[in-house]
Amino acid sequence: MLRVLAQRLLDLMVVLWGVSALVFLMIRFIPGDAVQIMLGANVEITPDRLEALYRKIGLDKPLFEQYASWIGGVLVGDFGTSLWTGAPVGEEILARLGVTVELLMLSLGTAVALAIPAGCLMAYVRRSASDYVVRVVTIVGVTMPSFWLGIILILTFYKLAPGFASIGYVPFRDDPLGNLSRMFLPTVSLALPILASLSRIMRSAMLDALGQDYVRTARAKGVSETMVIFRHALRNALIPFVTAVGITAGYLFGGAIVVEQVFALPGLGRLVIGAIAERNYPLIQATILLVTSGFVVINFLVDMLYVAIDPRVREA
Amino acid sequence: MIRLVKRAAFAAALIVPLAATAQVLEVATDASPVGLDPHVATAFSTALVNGNIYEGLTAVDKDLKVVPAVAESWTISPDGKTYVFKIRKGGTFHNGKPITAADVVYSFERVLKKETGSPFASRFALVKSTTVQGDDVKVELTDPSAPFLSQLVVLSIVPSNHGDLQREANGTGPFKLTQWVPDTYLQLTKHDGYWDKGMPKLGSLKINIVPEASTRQVGISTGIYQFMPSIDASTAVALKGNPTVKLLETRDLAYSLVGMNTTIAPFDKPQVREAFNLALDRAKIVQAAYFGHAVPGGPLSPALSEWATPVSQFSCYAHDANKAKALLKEAGFAGDVPVTLKVLGSIQTVRDVAQVVQAQLNAAGFKAQLEIQEQGKFIQDWRNSNFESFVSQNGGSPDPDDYFYRTFRTGGSTNVFKYSNPELDKLLDEARTMQDQAKRKAAYAQAQQTLACRGPIAHIAYATLFTAVRNNVQGYELIATRSTRYLRETSLAR
C-alpha cells in the first residue's frame, strides 16, 4: 500500500513537471500577448514605448530565464503575481476554488446519487416500454451540451419562477439558502448530461452482472430479488461504474468552465478563461497545474476505491 | 445575547430612513478591465471603469462639445500655441491629496515619458512644454492644434505621489475604486472630495462582469442589474417591449470597417478598393447584421454632423456589382479575384457583418474567404500589417484630425494599411493647424471624398449605440464616444 502511494506521488511529480513546461511554452505560442491585449486593436504606439511595456511585466527576458525564475518560485510555493491586479496568484486561485469545488461536488453528488438507482431500475425493467422511454430520455440528456442547457434553463426559469433565475454567487456561510438557490440551476445544467451518461453505464454494468453465473446460483438457492440485485450484482457492477465516475469527474471541470461562464459564477473556470483571454501567464500556469494535479489525484482515488470495493484487487 | 443584538441591529436597519442609505447602481458588463493605468490601458472594458475614476483637464458632453473638467477654464493665445489652464480648487485625489497645477504638469510628463509606454503620447507630440504658473498650468505647443482641447479628455490627471497605477487607481473622478474581485465585480464608491460638490448622486457603482449575453438580459429583466452600457443590437431587440427596462440610444462614433493592405495584391490597386466599395450593399448589411439599427457611413460618423459628408455624395456608395466587375477587369484581373478577410472574432456584430460582406463580394467579382480570429491573434496581425484585408470595429473620436492623421497619413501610427497619398498628407498637415473653422471643414470634406472610395478602409456602418437601464434610473445621458461620464449625475428613483 505504501509502495503504491510512493509510486503515485513520484508519478504526480513527473506529470506536473512535464505539464508545467508544456503549459509555459504553449501559452507563449498563442499569438498575441498580455501587452497587446491590454492595448487593444487600433491603438497607436511607438516601438520604443511598446518595449517599455514589455520590460515592465518582465516579458522582455529570454524564455528560458522566464521559465527558470517561475519554476524556481513554484518550488518554494510562490506562483507569481497576477499581471493586472498584482495579487499573488495563489490567493486569487484559493478565492475561487471553493465555488468550483462546491459546483463540482453538488453536480457529481447529484448525478451519482441518481444514476445508481436509475441504472439499476433500467436494468431491472429492461426491454419493457418504460426501459425504452428512459433510454430515449438519457440519449437526449447525453447529447445536450451544458452551456446550451444552462441558457435554456435561465430563460425558462425566468418566465416560470423568476426567483430561481438568480444570477451571481453568495458564499454558503453568508447565506446558505441564497447560496443553494443560486447553485441550483448551474448544478442541474452540469449534472443532467452526466447523470444521463452515468445511468446508461450503470444500466449496462448491471445487465452484465445480472447475466453472471453467481446471480443464477443465488436465485436458485432462493435469495430474494432485492438481495440479488443490491447484495450480489450491484457490488460487481460498481467497478466499471466507479471508473466512469472518475473519468467524468476529471472532465466535469471542462463543463464547469462553461457553466460558470453562463451563470456568472466566480469560480476557477471563469478565472482561467479570463486569464487566457488576457494572456495573464502566471495565472494560467498556476491554474492549469492545479487542475492537472486534481486530475491525477482523482485517478489515484479511483484506484483506491477499487481496493475498497473489490477484495480481489486488495489481495493481488 | 448575541442573537438579541443582531435582532436589534436588524430592526434598526429597518427604521433608519431609506433616503439616508447610499444608492448602489448594479451595472452589468461583459469583460473585466485589462490593466488600470489610465495612461496605458486602452481596452474598452477598462474605459468603463477608468472613465468614472479619472478625468482629464477637459471632458466631452453629450453634444460632443468640449467642457471643463479638472480645468475650470482656459485661455488660448492668438497664435494658438499657448494654452493657460486654470485648475479647479477644493477638489482632492482619491488618496486625499489636493489637486494642484503641479499634478497636472506631472501627468503630462508621465504620458510623454518613454518609460510609461503610453499609447496616448503620439497625440501630444506637439506639446513643447508644460509649466506651473501660480495656480495655473501653461502648455506651449510647437504648432497650433485644432483638436488639442478635445484630445485632453484622454490625458487623465493623476497625483504626483501615486503608487502602481496598474493596480491602485487614484484619480480625481466622482468615484473611487474600493474593491476588485477579478472576473466577478468592481466596486466603485462615491469620492467625498470630488471637486463638483453634490456629485456624484449615487453612493456606489457595482460593475458586475457577466460574460454571457442571455444572462445579462435576464439579469436586467429581473432587476438584478439596473444598467447595461453599450449593448449590441440583438440584445436591444430582445429587450424592446419590456415594460421595466428603458432603452437609451444615440448614434455611435464607432464603426464597422474593412481595412485593406495597400502594399500587397490585390488591394494595392486603387480600382480594386473602389470595386470593393461598389460591391457592398450597405443598406442590406445594416438590415442583416444590425437588425436595422445602424446607418451606412463614410469616413466620419454621421454623429459628427458638423463634419461628416453625407454618404449620398460618395459615388461608390451606390451598390453596383457590374460596375465593380468592370473595375476589376480594368485593374487587370480575369475571373474572380480571391481575397482573404481576417475577422475580429470577439465581437458578434463584426462576425455578422463579415458574413454579409462575404456574400456580397462573391456576387461582384470577388472570391472572398473569411478567417475568424481570436482577439489576441487579430491584434497581433493588425499591428504587424499581416493581412490582405480585415473586418473589424473601431472606436471614433469627436475631432476628425484625431482619426485621419494617425490612420491615413503616410507613416501614421495606426496606418497599418501602409497607405500613402502625398496630396492627402499635405491636406491633413494643413488642416490640423487651421484656426478658421470654415476652411478646416472644407479641407476635411475634401479628405473624405479622397478616402471614401479609394482609401484603405471601406467604412461600412455606424450602429445605434444602446444602453439599457431599469425604469427607476434617472439622469443618465448617452454620449456617442461611449463615455459613461453622466453616471455622476445618475440617481435611482424610489
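Residue numbering restarts at 1 for every chain, and letters A, B, ... go by the order of the sequence lines.
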Task: Pair B:E374 + A:R279, salt bridge at N-O below 4.0 Å - done: yes
Task: Neighbourhood of chain B inside residues 93-106 of chain A, taking heavy atoms under 4.5 Å as contact - done: A:R96
- [ ] Locate the shortest heavy-atom distance separating A:L155 from B:V218; write the atom from each residue and the value.
- [x] CD2-CG2, 3.6 Å
Open item on the list: So for A:L83, is it side chain, backbone, both, or neither that comes closer than 4.5 Å to the heavy atoms of chain B?
Closed with: backbone
Open item on the list: Under 4.5 Å from any heavy atom of chain A, what part of B:V416 do you find: side chain, backbone, both or neither?
Closed with: neither
Task: Max heavy-atom pair count under 4.5 Å with chain A, selected residue of B:V40, B:T184, B:D183 - done: B:D183
Task: Engaged part of B:S221 at the chain A interface, taking heavy atoms whose separation is under 4.5 Å - done: both
Open item on the list: Under 4.5 Å from any heavy atom of chain A, what part of B:E115 do you find: side chain, backbone, both or neither?
Closed with: backbone
Open item on the list: For chain A, which candidate among B:V181, B:T46, B:I209, B:D164 shows the most heavy-atom pairs at distances under 4.5 Å?
Closed with: B:I209
Task: Proximity breakdown for A:Q36 and chain B, heavy-atom pairs closer than 4.5 Å - done: both
Open item on the list: Report, in residue-number order, which members of residues 62-74 of chain A are under 4.5 Å from chain B by heavy-atom distance.
Closed with: none
Task: Proximal component of B:Y185, with respect to chain A [non-hydrogen, under 4.5 Å] - done: neither
Task: chain A contact via B:L344 - side chain, backbone, both or neither, heavy atoms under 4.5 Å - done: neither
Task: ring pair (Phe, Tyr, Trp, His ring centres under 6.0 Å) involving B:F387 - partner list, sequence neighbours excluded - done: B:F390
Task: chain A contacts, top residue of B:R167, B:K377, B:Q373 (heavy-atom pairs, under 4.5 Å) - done: B:R167
Open item on the list: Looking at B:K114, I want to see if its NZ is surrounded by more than 12 non-hydrogen atoms of other residues, nucleotides or ligands under 6.0 Å.
Closed with: no
Open item on the list: Going by ring pair (Phe, Tyr, Trp, His ring centres under 6.0 Å), name the residues that satisfy it together with B:F227, two or more places apart in sequence or in a different chain.
Closed with: B:Y476
Open item on the list: At a 4.5 Å cut-off on heavy atoms, which part of A:E92 comes close to chain B: side chain, backbone, both, or neither?
Closed with: side chain
Open item on the list: Looking at every heavy atom in both A:I151 and B:E212, which two are closest together, and how far apart are they?
Closed with: CD1-OE2, 3.5 Å
TODO: Identify which part of A:L50 has an atom lying under 4.5 Å from any heavy atom of chain B, answering side chain, backbone, both or neither.
DONE: side chain
Task: Main-chain N/O of B:S122 paired to A:R49 side chain as donor or acceptor, under 3.5 Å - done: no
